[in-house]
Amino acid sequence: QCVRECLADQDEGGSVFSNMAELDDTSGFRSALVLYVNGVRHEVADADPDMTLLEYLRSPAVALPGTKLGCGEGGCGACTVMVSTWDAEASRPRHASVNACLAPLCACDWCAVTTVEGIGAVGTGLHPIQRRLVALHGSQCGFCTPGIVMALYALFREHPRLSTAELEEHFDGNLCRCTGYRPIWD
């Protein structure tokens, strides 16, 4: 209704929408969000526009508890996941670490989301980043670990060759209150 009123106000002469029924034609639109989570296609019908990606990932429908809710404000990084999109101009995927507690689920339409469960697990084999953190005691309580792993994973997927200085520069969105950062850097 709001769209109709705004268009009617802007189109006093009737040239834009001569027939307001055109606004009701939704035949060319999808009725569900489509996203891929750890390689599995998800269609979300009637998505709640207030739902965050974190809420969706931890919901019973998806049941991926590795992505944590820490501060809920994007400051701690415990909820970090990798969101990938296709860059048509560069003809390659783009990978970014995203705070799932802030990302609206609706913004992830046609995106691929990778969580810590999607890159490795004890039963199926750990990713090299996970193995390195374990080997060098880079985790104490473990609450921040999934977010740190995913921030590093997304960074290396987008920029495979980084210097230590570049790595440290990009690693400012994840907090660890227990371990300290030396074992994580190692």
Side-chain angles (χ1 to χ4, degrees), residues 33-44 51-59 62-71 73-139 142-176 179 181-186:
L33 297 176
V34 176
L35 67 151
Y36 291 81
V37 178
N38 297 333
V40 177
R41 182 184 171 106
H42 290 250
E43 291 190 26
V44 184
M51 180 178 268
T52 65
L53 178 57
L54 176 66
E55 291 169 323
Y56 179 70
L57 293 173
R58 294 181 63 87
S59 72
V62 184
L64 294 172
T67 305
K68 308 296 185 209
L69 173 60
C71 67
E73 298 176 350
C76 71
C79 63
T80 304
V81 297
M82 182 176 77
V83 175
S84 303
T85 58
W86 182 255
D87 183 340
E89 189 173 308
S91 294
R92 74 175 200 84
R94 294 284 182 187
H95 309 288
S97 61
V98 170
N99 290 330
C101 72
L102 296 179
L105 175 61
C106 292
C108 297
D109 192 29
W110 286 114
C111 292
V113 177
T114 306
T115 70
V116 70
E117 293 94 342
I119 68 168
V122 174
T124 59
L126 297 176
H127 184 273
I129 293 172
Q130 293 167 315
R131 282 197 311 266
R132 184 102 174 145
L133 277 174
V134 169
L136 296 174
H137 309 288
S139 179
F143 192 80
C144 67
T145 306
I148 289 172
V149 166
M150 291 311 300
L152 291 169
Y153 180 78
L155 182 60
F156 283 120
R157 288 293 306 266
E158 187 64 20
H159 306 284
R161 301 186 195 313
L162 289 173
S163 69
T164 302
E166 290 171 318
L167 177 63
E168 289 176 6
E169 182 65 31
H170 283 91
F171 200 70
D172 59 356
N174 295 85
L175 299 178
C176 176
T179 308
Y181 295 95
R182 186 72 271 152
I184 296 169
W185 288 123
D186 290 342

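Of all the heavy atoms in V116 and P146, the pair that sits closest is CG1-CB, 3.8 Å. Residues M150 and T114 approach most closely at CE-O, 3.2 Å, considering heavy atoms. Between F156 and L162 the shortest heavy-atom distance is CE2-CD1, 4.2 Å. Scanning all heavy atoms of the two residues, the minimum distance from G74 to L102 falls at CA-CD1, 3.6 Å. Heavy-atom minimum distance, C79 versus T67: O-CG2, 3.3 Å. In plain terms, the two heavy atoms of S97 and A154 that are nearest each other are N-CB, 3.7 Å.
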(request) Give the C-alpha distance, both sets of side-chain angles, the deciding distance and a yes or no for side chain to side chain contact (heavy atoms under 4.5 Å, CB included) between T52 and C101. (result) CA-CA 6 Å; T52 65; C101 72; 5.6 Å; no
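Put simply, the side chain of L105 reaches to within 4.5 Å of the side chain of L35, judged on heavy atoms. Two residues are said to be in side-chain contact when any heavy atoms from C-beta on lie closer than 4.5 Å; H127 and V149 fail this criterion. Here the side chains of P65 and E117 are in contact, with some heavy-atom distance below 4.5 Å. A heavy-atom distance below 4.5 Å is found between the side chains of M82 and R157.
Rounding to the nearest 0.5 Å gives a distance of 8.5 Å between CG of L69 and CD of E55. In this structure, the separation between CG on L152 and CG on L167 is 6.0 Å, given to the nearest 0.5 Å.
The main-chain N or O of D87 is never found under 3.5 Å from a side-chain atom of R94 such that the two would form a donor-acceptor pair. Between the N38 side chain and the T115 main chain, a donor and an acceptor come within less than 3.5 Å of each other. In terms of modelled atom types and a separation under 3.5 Å, the side chain of D109 and the main chain of V34 share a donor-acceptor contact.
Only one option out of V81, T80, I129 pairs with Y153 in a side chain to side chain contact (heavy atoms under 4.5 Å, CB included); it is I129.
A salt bridge links R92 with E158: at least one charged nitrogen is closer than 4.0 Å to a carboxylate oxygen.
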